[in-house]
Amino acid sequence: MANNFTSELTQFITQYKTENPDTEARQREGRFRLWDKELDAEQQDGFRAAQVAQDPYVYYQNA
């Protein structure tokens, strides 16, 4: 593939980011809102303690 080839998608993203320079800041804000959360260690321990072991073969019914 030629070194000077740029796909249509890459061209679109480059153009979009040029026209909307705050895009990356908005992406970081959205990520922070949804994913970057502080976890409560005690609550996580409780979740782990409450887990139930899964059967080795879940599609087989022991009747």
Could you go through residues 42-49 and list every donor-acceptor pair under 3.5 Å that involves a side-chain atom there, pairing it with any protein atom two or more places apart or in another chain?
from, atom 1, to, atom 2, distance (Å)
Asp45, OD1, Arg48, NH1, 3.2

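Taking a 4.5 Å side-chain heavy-atom cut-off between Ile, Leu, Val, Met, Phe, Trp and Tyr, the cluster of Leu39 contains only that residue. Apart from Leu34 itself, the hydrophobic cluster it occupies contains Trp35, where clustering links Ile, Leu, Val, Met, Phe, Trp and Tyr at side-chain heavy-atom distances under 4.5 Å.
One N or O on the side chain of Thr18 and one on the backbone of Thr14 form a donor-acceptor pair closer than 3.5 Å.
Qualifying side chain to side chain donor-acceptor pair (under 3.5 Å) partners for Gln27, counting only residues two or more places apart in sequence or in other chains: none. Remark: Gln51 engages no residue in a side-chain contact (heavy atoms from CB on, under 4.5 Å) (not counting sequence neighbours). Considering only residues two or more places apart in sequence or on other chains, Glu8 meets the salt bridge (charged side-chain N to carboxylate O under 4.0 Å, His left out) condition with none of them.
Side-chain contact between Asp22 and Asn20: present, with at least one pair of heavy atoms (C-beta onward) separated by less than 4.5 Å.
The structure places CD1 of Ile13 at 12.0 Å from OG1 of Thr6, a figure rounded to the nearest 0.5 Å.
The neighbour count for Arg26 CZ, taken as heavy atoms of other residues, nucleotides or ligands under 6.0 Å away, is above 12.
In this model, a donor atom of one side chain and an acceptor atom of the other lie less than 3.5 Å apart for Glu19 and Gln15.
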